[in-house]
**Q** 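My structure is below; once you've seen it, I'll send some questions.
Worth knowing before you read on, the calculation uses all heavy atoms, side chains too, and leaves out hydrogens, waters and symmetry mates.
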Amino acid sequence: MTAIRMIARPMLASVFFVGGLNALRNAESLAPKAAPVTDRIVPAAQKAAPTAPIPEDTTTLVRVNAVVQLVGAAALATGRFPRLSSTVLAASLVPTTIAGHPFWAESDPAAARAQRLQFVKNVSTLGGLLLAGVDTEGRPGVAWRARRAAKDVRREAKHLGHDVQNAARLAAAKAT
């Protein structure tokens with residue numbers, strides 16, 4: 001791991017440590033704020049995965065999200081599964097941002113500005129997580145490797161085809 005990744009990943013993860021701990025400690029007080037989002041997500045998730053054990057209690061969902069953020073932050077900060085952990089953190093940040101910073105619902109202009117600022121900060125963090133999610137640390141990604149393998153197979157097939165044609169010509173020349 002490069003020095004910049006060793007410094008940047010814990011920095012990016014720090015907001016999820018703090019937020020996850022806060023949500024875990026204050027799940028009951030955060031649940032009413034999260035309810036409008038969970039009330040829409042839970043039925044959609046149950047419809048998409050009917051056999052999955054999806055909790056319906058908002059407080060439980062806040063705690064689950066907090067634990068996901070803590071585990072994802074720990075993994076990202078330590079460099080364990082950084083692409084997966086940053087992707088999981090990005091997925092958990094979206095409902096957290098929508099529930100936590102609904103600037104569009106604020107009637108007070110000062111409160112709306114404050115919520116908008118926090119919303120935009122979370123969007124910026126989401127951008128960092130998306131970048132971390134596609135970072136291959138200088139190694140080729142799966143898509144590049146698949147394209148390269150396909151190119152190699154085509155080249156080998158072409159060479160094999162030429163070899164077969166040459167062998168057929170030699171066999172025909174020997175037969176005559």
**Q** Can a donor-acceptor pair be found, under 3.5 Å and without considering hydrogens, that links the side chain of Asn65 to the backbone of Leu61?
**A** no
**Q** Which atom names give the shortest non-hydrogen contact between Arg25 and Glu28, and what distance separates them?
**A** O-OE1, 4.5 Å
**Q** Examine Leu84 and Leu131 and state if one hydrophobic cluster contains both, with Ile, Leu, Val, Met, Phe, Trp and Tyr joined whenever side-chain heavy atoms are less than 4.5 Å apart.
**A** no
**Q** Given the rule in the side-chain contact (heavy atoms from CB on, under 4.5 Å) test, do Asp135 and Arg9 qualify, once you have shown the distances and angles that lead to the verdict?
**A** CA-CA 11 Å; Asp135 179 24; Arg9 285 178 180 161; 3.7 Å; yes
**Q** Could you pull out the closest heavy-atom pair between Ala112 and Phe103, with the gap in Å?
**A** O-CB, 3.5 Å
**Q** Could you see if Val64 belongs to whatever hydrophobic cluster contains Val42? Use Ile, Leu, Val, Met, Phe, Trp, Tyr and a side-chain cutoff under 4.5 Å.
**A** no
**Q** Are the side chains of Thr59 and Arg63 in touch, meaning some heavy atoms are under 4.5 Å apart?
**A** yes
**Q** What's the shortest heavy-atom distance between Pro82 and Leu76, and which atoms?
**A**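 Reported closest heavy-atom pair: O-CD1, 3.9 Å.
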**Q** Under a 3.5 Å cutoff, is there a donor and acceptor pairing between the side chains of Gln118 and His101?
**A**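 Their side chains do not contain a donor-acceptor pair, so the 3.5 Å distance test is not met.
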**Q** Which distance, rounded to the nearest 0.5 Å, do you find between the CG of Asn26 and the NZ of Lys33?
**A** 11.5 Å
**Q** Looking at side-chain heavy atoms only, is the closest gap between Lys121 and Thr97 below 4.5 Å?
**A**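 SC-SC contact between Lys121 and Thr97 ruled out.
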**Q** Rounded to the nearest 0.5 Å, how far apart are OG of Ser29 and CG of Asn22?
**A** 7.5 Å
**Q** So which heavy atom on Ala31 is nearest to which on Val62, and how close?
**A** CA-CG2, 4.2 Å
**Q** Establish whether Leu12 and Val94 are linked, either directly or via other cluster members, by ILVMFWY side-chain heavy-atom contacts under 4.5 Å.
**A** yes
**Q** Report yes if the side chains of Phe16 and Leu129 come closer than 4.5 Å at any heavy-atom pair, otherwise no.
**A** yes
**Q** Quick one about Arg5 and Thr2 (side-chain donor to acceptor, distance below 3.5 Å, no hydrogens or angles considered), yes or no?
**A**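 Per modelled atom types, Thr2 and Arg5 side chains form a pair under 3.5 Å.
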**Q** Taking all heavy atoms of Ala23 and all of Ala66, pick out the closest pair and write down the distance.
**A**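 Smallest heavy-atom distance, with atoms named: CB-CB, 3.7 Å.
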**Q** What's the spacing between Arg113 CZ and Asp108 CG if we round to 0.5 Å?
**A**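 It comes to 8.0 Å.
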**Q** Kindly compute the distance separating CZ (Phe119) from CD1 (Ile98), expressed to the nearest 0.5 Å.
**A**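 With rounding to 0.5 Å, CZ (Phe119) is 6.5 Å from CD1 (Ile98).
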**Q** Going through the distances and angles, do Val37 and Ile41 end up as a side-chain contact (heavy atoms from CB on, under 4.5 Å)?
**A** CA-CA 6 Å; Val37 175; Ile41 291 176; 3.4 Å; yes
**Q** Would Leu126 and Val120 show up in the same hydrophobic cluster when neighbours are defined by side-chain heavy atoms closer than 4.5 Å?
**A** no
**Q** Can you confirm whether Arg155 is buried at CZ, in the sense that more than 12 heavy atoms of other residues, nucleotides or ligands lie under 6.0 Å from that atom?
**A** yes
**Q** Check this for me: does any side-chain nitrogen of one of Arg147 and Asp152 sit under 4.0 Å from a carboxylate oxygen of the other?
**A**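 Looking at Asp152 together with Arg147, the answer is no, because their closest N to O distance does not fall below 4.0 Å.
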**Q** Do Asp57 side-chain atoms and Thr60 backbone N/O form a donor-acceptor pair below 3.5 Å?
**A** yes
**Q** For the residue pair Ala34 and Ala99, what are the closest heavy atoms and their distance?
**A**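 Heavy atoms of Ala34 and Ala99 come nearest at CA-CB, 3.9 Å.
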**Q** Set out, in order, the CA-CA distance, both residues' side-chain angles and the distance that settles side-chain contact (heavy atoms from CB on, under 4.5 Å) for Thr38 and Glu56, then state yes or no.
**A** CA-CA 8 Å; Thr38 60; Glu56 294 182 18; over 6 Å; no
**Q** Begin with the C-alpha distance, continue with both residues' side-chain angles, and end with the deciding distance and a verdict on side-chain contact (heavy atoms from CB on, under 4.5 Å) for Val71 and Val67.
**A** CA-CA 6 Å; Val71 171; Val67 169; 4.2 Å; yes
**Q** Grouping I, L, V, M, F, W and Y whenever their side-chain heavy atoms are under 4.5 Å apart, do Leu93 and Val15 come out in a common cluster?
**A** yes
**Q** Return the CZ to CH2 distance between Arg116 and Trp104, rounded to the nearest 0.5 Å.
**A** 11.0 Å
